[in-house]
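Numbers here simply count residues along the sequence, with the first being 1. If you're wondering where the values come from, they're calculated on a predicted model, not measured in any experiment.
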Amino acid sequence: MKAAERAAWRNPRVLTTLLLVFISGAFVGAVGMRFGLHDHFHRTTEGTLKDPKASQMFLEHCQKDLNLSPQQVTEMRHILDDYKFYYQNMQEQLDEVRATGKTRIIEMLNDDQRKKFEKLLAELK
């Protein structure tokens, strides 16, 4: 098989270029996420749910932008309230699961390991 017949993607220059593009993209993505883009891309509704003012502002924004009728506004308010209640319950359950897991791990460790584990947890926070 002649070199000209060989697939272009097998060319070392093409492979090197692709590898450099991939590594550069991964590096730029990692740096971007490290310096705040993670929060921008992965926003949660937690702030809205905890702050009634923010929740009301969101509702008003939807009412204006979506041209909601008064009945739709009332329904959306009920949906948001239900979601807030559901979210809070799920958060409490998640906190219980974390606490149970932590307790079980601590129970299986010896004293020295417990100290190190607590230090590890403190560093993660």
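Of the inter-residue distances, the one linking H61 atom NE2 with M57 atom CE reads 9.5 Å to the nearest 0.5 angstrom. Taken to the nearest 0.5 Å, the CZ atom of F117 stands 5.5 Å off from the CD1 atom of I106. In this structure, CE on M76 lies 4.5 Å from SG on C62, to the nearest 0.5 angstrom. To the nearest 0.5 angstrom, L94 atom CG is 7.5 Å from M90 atom CE. To the nearest 0.5 angstrom, I23 atom CD1 is 11.0 Å from L18 atom CG.
We find that D111 and R114 are joined by a salt bridge, their nearest charged nitrogen and carboxylate oxygen being less than 4.0 Å apart. Of the charged side-chain nitrogens involved, at least one lies within less than 4.0 Å of a carboxylate oxygen, so that D112 and K116 count as a salt-bridged pair. At a threshold of 4.0 Å, the pair R98-D95 counts as salt-bridged, since one of the basic side-chain nitrogens sits closer than that to a carboxylate oxygen.
Formation of a donor-acceptor pair under 3.5 Å by the E107 side chain with backbone atoms of R104 is not found in this model. Using modelled atom types, no side-chain atom of E92 and backbone atom of N89 make a donor-acceptor pair closer than 3.5 Å.
A pairwise comparison of heavy atoms in Q113 and L109 identifies OE1-CA, 3.5 Å as the closest pair. When all heavy atoms are compared, the tightest approach of V73 to L68 is CG2-CB, 3.8 Å. Minimum interatomic distance between N67 and Q72 (heavy atoms only, all atoms of both residues): O-OE1, 4.2 Å.
In the hydrophobic clustering of this structure, M108 does not group with V97; members are Ile, Leu, Val, Met, Phe, Trp, Tyr whose side-chain heavy atoms approach within less than 4.5 Å, directly or through other members. Y86 is not connected to L80 by any chain of hydrophobic side-chain contacts under 4.5 Å among Ile, Leu, Val, Met, Phe, Trp and Tyr, and they are in different clusters.
The neighbour count for Q71 CD, taken as heavy atoms of other residues, nucleotides or ligands under 6.0 Å away, does not exceed 12.
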> Going through the distances and angles, do K102 and E118 end up as a side-chain contact (heavy atoms from CB on, under 4.5 Å)?
Replying inline: CA-CA 10 Å; K102 180 181 172 185; E118 292 292 342; 3.8 Å; yes
